Amino acid sequence: MTRRFYVTTPIYYVNGAPHIGHAYTSVAADIVARFRRLAGDDVFFLTGTDEHGQKVEQAAATAGETPQAFTDSIAADFRAMADTMQISYNDFIRTTEPRHIAGAQALWEKVAESGDIYSGHYEGWYALRDEAFYGEDELTTRPDGTKVAPTGAPVEWVREPSYFFRLSKYQDRLLELYETQPDFIGPHGSRNEIVSFVRQGLRDLSISRTSFRWGVPVPGDEAHVMYVWFDALSNYLTALGYPDTSAPRMAWWPADLHLVGKDIARFHTVYWPAFLMAAGIPLPGKVFSNGWWTVEGEKMSKSLGNVIDPRDLVKEFGVDPVRFFLIREVPFGGDSDLSRRSFIHRLNTELANDLGNLAQRTLSLIARNCGGVLPDAGPHTPEDEQLLAPASLLPSVMEGQVARCALTDALEEVWKLIRACNAYIDHQAPWALKKTDPDRMAHVLRVLADALRIIATVLQPWMPESMAKMLTQLGTEEQERSFAALATPLPGGRSLPAPQGIFPRYTEEAK
RNA sequence: GGCGGCGUAGCUCAGCGGUAGAGCAGGGGAAUCAUAAUCCCUUGGUCGGCGGUUCAAAUCCGUCCGCCGCUACCA
């Protein structure tokens with residue numbers, strides 16, 4: 001029976017334009033989704049936008065638009081970015097859609113049924129700009145007597161009625177979850193932080209607001225709208241058709257993997273499982289958080305004006321090199337830097353030199369010396385085996401790595417094989433065999449073609465467009481590109497298209 | 001302050017009890033099928049400091065120094 005796999009990106013908050021950080025998380029999720037599809041799973045891949053909250057309401061007012069019109073245009077921009085990045089989502093949910101609003105309200109009611117929602121008052125120092133409450137001890141007093149948040153945002157004392165979620169009740173069950181399901185939170189460092197946070201003790205969570213209107217109305221009390229995280233987190237369920245348990249998509253629940261930025265790890269590893277526990281809904285399998293990008297060594301910020309729109313890079317270099325760089329440059333999970341120099345260096349050494357050139361030299365030798373058709377396989381020498389044996393294990397090795405979200409390690413695994421292929425071709429020297437032993441030459445080229453087929457197959461999730469081109473040049477049909485298809489060797493004699501370079505080299509023109 | 005992580009070759013990092021590793025960068029050589037790409041060899045580290053446990057420590061323990069993260073409602 002086909003395994004179902006459900007992976008999500010965060011729903012992105014529409015208070016600004018999409019940047020490289022959003023693209024990063026989405027590309028990572030996309031790689032997992034594509035990888036699981038190649039492995040034969042029935043994948044559901046969700047992305048979308050988080051569109052409620054006071055900040056959005058105000059930004060819309062400032063822009064002189066209705067909140068709906070405002071979010072429509074930014075949501076469209078996020079969707080366009082996802083499309084540019086070749087994100088293969090199955091659905092794009094917006095929290096302003098009726099299906100989501102109804103689902104979020106149903107989840108609220110379900111949690112309320114368990115007795116874990118009660119009404120009270122919330123009061124504290126509130127920073128409008130940050131949409132956040134702060135503790136007295138976090139504030140600093142300015143010379144003029146006004147208090148400001150650590151972020152520098154001015155705060156005011158507010159008191160408003162609020163519904164609360166009994167988060168405190170779930171402390172032990174959460175700790176037990178982290179204990180019994182050690183892979184629930186990744187990477188490791190993030191897990192430690194969450195565990196120690198929960199150990200400190202959990203306070204009940206204010207989950208509604210009366211101070212603004214742009215949100216999901218609380219069922220049965222229209223004076224309140226839901227706190228944005230109750231609303232937002234429920235998207236992972238509402239997109240599947242929740243609360244309609246007979247909806248076909250509900251078969252994908254519980255989610256296998258939520259990929260998130262490290263800033264929102266806590267919402268996904270503490271609040272979300274607690275909400276689900278309260279509602280009696282099974283928990284997701286894993287929440288993995290990724291780090292931040294800096295640009296040329298500096299923090300990305302609007303004031304520095306160094307915010308990178310991934311689409312600008314795609315325009316210049318193509319989508320696959322950007323996807324590749326984002327995942328390759330640093331172990332997935334940590335922070336990383338994007339500099340033009342390191343970017344171009346990566347593309348030149350690993351894509352153009354190592355991989356692109358390997359394909360090009362192999363394919364042009366075949367084109368020129370084998371009549372442009374895929375040679376038959378010959379008897380394997382020990383050297384051939386030494387190359388092909390580990391190559392055939394690649395998909396299963398990478399499967400383990402992808403399951404751990406070790407997306408960079410998985411790439412490194414492929415590059416070991418690519419380097420081995422370059423060494424192999426030099427040692428076998430098919431260009432010399434051409435005169436001394438043409439049969440062996442053909443067999444060597446076939447070994448390389450087989451290795452390249454594996455390489456291109458497993459790299460499809462990272463670089464779908466380029467690897468499709470490479471697989472076409474290697475003579476594979478559309479239906480021969482899954483992991484399962486690798487078990488069947490391609491028939492010799494198939495004619496191959498004329499080889500064409502896939503990854504160009506870049507030279508920075510001197511300025 | 002509390003909790004946690006990190007500090008290993010010029011750079012990015014892996015190793016986590018048994019004679020220091022990879023990639024890139026640097027140096028030398030080979031080859032010429034290929035996007036002047038590739039291959040081979042090679043320089044380079046008292047594994048942050050000090051102390052301890054052990055036959056044996058980057059690897060375990062203690063301590064010190066230096067970075068970084070978390071410490072509640074903020075993509």
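For clarity, every value in this text was computed on a predicted model and none was experimentally measured. Per chain, numbering begins at 1; letters A, B, ... match sequence-line order.
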Candidates [options] - which lies nearest the side chain of [X]:
{"X": "A:His427", "options": "B:C70, B:C33, B:C39", "result": "B:C39"}
{"X": "A:Trp431", "options": "B:C24, B:C33, B:C70", "result": "B:C33"}
{"X": "A:Leu202", "options": "B:G23, B:A72, B:C39", "result": "B:A72"}
{"X": "A:Ala423", "options": "B:A34, B:C40, B:U35", "result": "B:C40"}
{"X": "A:Tyr13", "options": "B:A25, B:A75, B:U71", "result": "B:A75"}
{"X": "A:Arg203", "options": "B:A75, B:U35, B:A72", "result": "B:A72"}
{"X": "A:Asp354", "options": "B:U38, B:A75, B:U35", "result": "B:U38"}

Considering every strand and a 4.0 Å limit on heavy-atom distances, what is the contact class for [X]: base, sugar-phosphate, or nothing?
{"X": "A:Leu363", "value": "nothing"}
{"X": "A:Ile502", "value": "base"}
{"X": "A:Ile11", "value": "nothing"}
{"X": "A:Ile264", "value": "sugar-phosphate"}
{"X": "A:Arg199", "value": "nothing"}
{"X": "A:Asn369", "value": "nothing"}
{"X": "A:Gly356", "value": "base"}
{"X": "A:His268", "value": "nothing"}
{"X": "A:Phe197", "value": "base"}

Answer whether the closest heavy-atom distance between the side chains of [X] and [Y] falls below 4.5 Å.
{"X": "A:Leu202", "Y": "A:Tyr271", "answer": "no"}
{"X": "A:Glu179", "Y": "A:Phe184", "answer": "no"}
{"X": "A:Asp116", "Y": "A:Lys169", "answer": "yes"}

Inter-nucleotide P distance (B:G21, B:G15), Å rounded: 15 Å

Nearest-angstrom distance, C1' atom, B:G44 to B:U8: 13 Å

Ring centroid separation A:Tyr89 to A:Phe45 under 6.0 Å: no

Taking the six-membered ring for Trp, are A:Trp272 and A:Phe267 closer than 6.0 Å centroid to centroid? no

Answer yes when A:Arg311 and A:Asp77 have at least one side-chain N-carboxylate O distance shorter than 4.0 Å, and no when they do not. yes

Side-chain donor-acceptor contact under 3.5 Å, A:Thr96 with A:Thr71: no

Take N1-N3 plus N6-O4 or O6-N4 for Watson-Crick, N1-O2 plus O6-N3 for G-U, both under 3.5 Å. Which runs of 3 or more such pairs involve RNA chain B? B:1-7 with B:65-71, B:10-13 with B:21-24, B:26-30 with B:38-42, B:48-52 with B:60-64

Answer with yes or no whether A:His345 presents, from its side chain, a donor or acceptor under 3.5 Å of a partner atom in the base of B:A25. no

Heavy-atom donor-acceptor pair, A:Asn357 side-chain to B:A34 base, under 3.5 Å: yes

What is the distance, rounded to the nearest whole Å, between atom CZ of A:Arg328 and atom P of B:G23? 11 Å

Considering just the side-chain nitrogens and oxygens of A:Trp229, establish if one lies under 4.0 Å of OP1 or OP2 belonging to B:A75. yes

